[in-house]
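Here is the structure we will look at, set down as structure tokens.
The structure displayed is predicted, hence computed values, not measured ones. Residue numbers begin at 1 in each chain, while the letters A, B, ... track the order of the sequences.
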Number of protein chains: 2
Amino acid sequence: MNNDTNCDVGFTSDNIYETKCPLIYALEIIGKKWKLPIMWYLFENEFTRYNELKRKVKGITSMMLTKALKELEEHNLIVRIQYEAIPPKVEYALTERGKALLPALNELSKWGGEQLKLDRLKSSCE
Amino acid sequence: MNNDTNCDVGFTSDNIYETKCPLIYALEIIGKKWKLPIMWYLFENEFTRYNELKRKVKGITSMMLTKALKELEEHNLIVRIQYEAIPPKVEYALTERGKALLPALNELSKWGGEQLKLDRLKSSCE
DNA sequence: CTGGATCCGTCATGATACTG
DNA sequence: CAGTATCATGACGGATCCAG
């Protein structure tokens, strides 16, 4: 499993671009809170406006939404489309890079679903 | 993408077993720091002792190692094998459940590798 | 409508020292 | 050898208010 890529799993480097394990790197990008819920919604609804995201991603605040969107944009997983209008109108959409995550997320989701059942089973026996 | 499984992405529930998205659930289990490095090492070295893990997973402390191992064991991703001997001997190994993560991690790692290249490229142009 | 700024509590992480 | 216990801290997340 990618053991040939010098995978420094010790988090000792401050430079995210040095000696990074691609797996850890992926998790750092998408693993933070709200990232996946946002992307998930964009998977199903291309071109979504800021406030719609805020309404649909339950519980998120403006601050966290803004921050998450900015980070996703910096990694080129989403694009920000700003219309010069009053009142302001901004839409967000996934890039091809963002969509490329789908297969990996599906695999992980499949595993998570099985795990969820097993853990439920275990907890009900205790 | 699993939209049929009631996927409450709002993190509003305190009960981890209620209305959970399997994808988020998976990330909660394996996304924490040190989890993957430990599992990664166990992928490549079945039956590893506590202190060997501590040496090989660079930078980890006893406390974090113990905690991570305990959580992984609670989710049945690893097993703890204790030998009744002086001095103590304990080995850890992946379960089938733990090994079942491999395909998903490979997909994610593949994506992360591509992303890493793109991000490097981008940063070198700035 | 689309954010930005600020304050603040909590929790994960880490350093250090200790134990059977 | 395989952990525990205690304390410190700093990032993260949430609430609230402000702005163009």
Side-chain angles (χ1 to χ4, degrees), chain A residues 8-16 24 27-38 41-42 45 47-75 78-93, chain B residues 8-16 24 27-38 41-42 45 47-75 78-93:
Chain A
D8 181 356
V9 290
F11 296 86
T12 51
S13 171
D14 288 334
N15 187 341
I16 199 173
I24 304 290
L27 283 185
E28 284 178 352
I29 296 175
I30 63 159
K32 304 289 181 175
K33 207 168 177 179
W34 304 117
K35 289 284 184 66
L36 283 181
I38 292 169
Y41 191 79
L42 291 177
N45 306 271
F47 303 104
T48 304
R49 298 183 65 171
Y50 182 89
N51 267 335
E52 183 179 349
L53 278 173
K54 194 170 150 191
R55 280 192 307 271
K56 293 304 174 54
V57 179
K58 276 187 287 182
I60 198 171
T61 63
S62 290
M63 228 190 59
M64 299 317 295
L65 178 56
T66 301
K67 189 182 169 195
L69 289 171
K70 192 175 299 177
E71 289 175 13
L72 288 172
E73 195 194 358
E74 283 169 359
H75 287 292
I78 64 174
V79 283
R80 199 186 102 112
I81 306 149
Q82 180 169 358
Y83 298 88
E84 292 302 337
I86 306 290
K89 177 179 177 183
V90 178
E91 287 182 341
Y92 293 91
Chain B
D8 182 358
V9 291
F11 295 87
T12 52
S13 171
D14 288 333
N15 187 341
I16 200 173
I24 304 290
L27 283 185
E28 284 178 352
I29 296 174
I30 64 160
K32 306 287 182 176
K33 209 170 176 177
W34 305 118
K35 289 282 184 66
L36 283 181
I38 292 170
Y41 191 80
L42 291 178
N45 305 272
F47 303 103
T48 305
R49 299 182 65 169
Y50 182 90
N51 269 332
E52 183 180 350
L53 278 174
K54 193 169 149 191
R55 280 192 306 272
K56 294 302 174 56
V57 179
K58 276 188 287 183
I60 199 170
T61 63
S62 291
M63 233 191 56
M64 297 317 296
L65 178 56
T66 300
K67 189 183 169 195
L69 289 171
K70 193 174 299 178
E71 289 174 13
L72 287 172
E73 196 193 357
E74 283 170 358
H75 287 291
I78 65 173
V79 282
R80 198 186 102 113
I81 305 148
Q82 180 169 358
Y83 299 87
E84 292 302 337
I86 306 289
K89 177 179 178 181
V90 177
E91 285 180 340
Y92 292 91

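Between the OH atom in B:Tyr50 and the CG atom in B:Leu69 there is a gap of 7.0 Å [rounded to 0.5 Å]. Rounded to the nearest 0.5 Å, atoms CG (A:Leu27) and NZ (B:Lys32) are 12.0 Å apart.
Between B:Ile60 and B:Pro37, every side-chain heavy-atom pair lies at or beyond the 4.5 Å cut-off. For the pair A:Tyr92/A:Thr48, no side-chain contact is recorded, criterion being any heavy-atom separation below 4.5 Å from C-beta on.
Close to D:dC1, at under 4.0 Å from its OP1 or OP2, lies no side-chain N or O of B:Arg49.
The nucleotide whose nearest atom lies closest to any side-chain atom of B:Asn51 is, among D:dG3, C:dT2, D:dA2, D:dA2.
For the side chain to side chain donor-acceptor pair (under 3.5 Å) test, residues two or more places apart in sequence or in another chain that qualify with A:Lys54 are A:Ser62. Every residue two or more places apart in sequence or in another chain that forms a side chain to side chain donor-acceptor pair (under 3.5 Å) with A:Glu52 is listed here: A:Tyr41. Partners of A:Glu73 according to the salt bridge (Lys or Arg N to Asp or Glu O under 4.0 Å) rule, which considers only residues two or more places apart in sequence or in another chain, do not exist here. Partners of A:Lys35 by salt bridge (Lys or Arg N to Asp or Glu O under 4.0 Å), not counting sequence neighbours, listed by chain and number: A:Glu71.
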Distances under 3.5 Å only, N/O to N/O: pair up the protein atoms with those of nucleotides 13-17 of chain C.
{"from": "C:dG14", "atom 1": "OP1", "to": "B:Lys33", "atom 2": "NZ", "distance (Å)": "2.7"}
{"from": "C:dG14", "atom 1": "OP2", "to": "B:Trp34", "atom 2": "NE1", "distance (Å)": "3.1"}

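Summarising the geometry, the separation between NZ on B:Lys70 and C1' on D:dA2 is reported as 12 Å, rounded to the nearest angstrom. A straight line from CZ of B:Phe47 to P of D:dA2 spans 15 Å, rounded to a whole angstrom. At whole-Å resolution of the value, CD1 in B:Ile86 and P in C:dT19 are 18 Å apart. One interatomic measurement links the two molecules: CD of A:Glu91 to C1' of C:dC1, which rounds to 13 Å at whole-angstrom precision. A straight line from CD of A:Gln82 to P of C:dT2 spans 10 Å, rounded to a whole angstrom. To the nearest angstrom, C1' of D:dC1 lies 16 Å from CD1 of B:Ile81. A straight line from CD of B:Glu52 to C1' of D:dC1 spans 13 Å, rounded to a whole angstrom. Rounded to whole Å, atom C1' of C:dG4 lies 14 Å from atom CG of A:Leu69.
The residue A:Tyr92 sits close only to the backbone: its heavy atoms come under 4.0 Å of sugar-phosphate atoms, none of a base. In this structure, B:Lys89 reaches the sugar-phosphate backbone alone: every heavy-atom distance under 4.0 Å involves primed, P, OP1 or OP2 atoms, never a base.
Each end of the helix from C:dC1-D:dG20 to C:dG20-D:dC1 gets its own axis from five base pairs, and the two axes differ in direction by 50°, given to 10 degrees.
Annotation for B:Ile30 and B:Leu36: closest pair O-CG, 3.6 Å, computed over non-hydrogen atoms.
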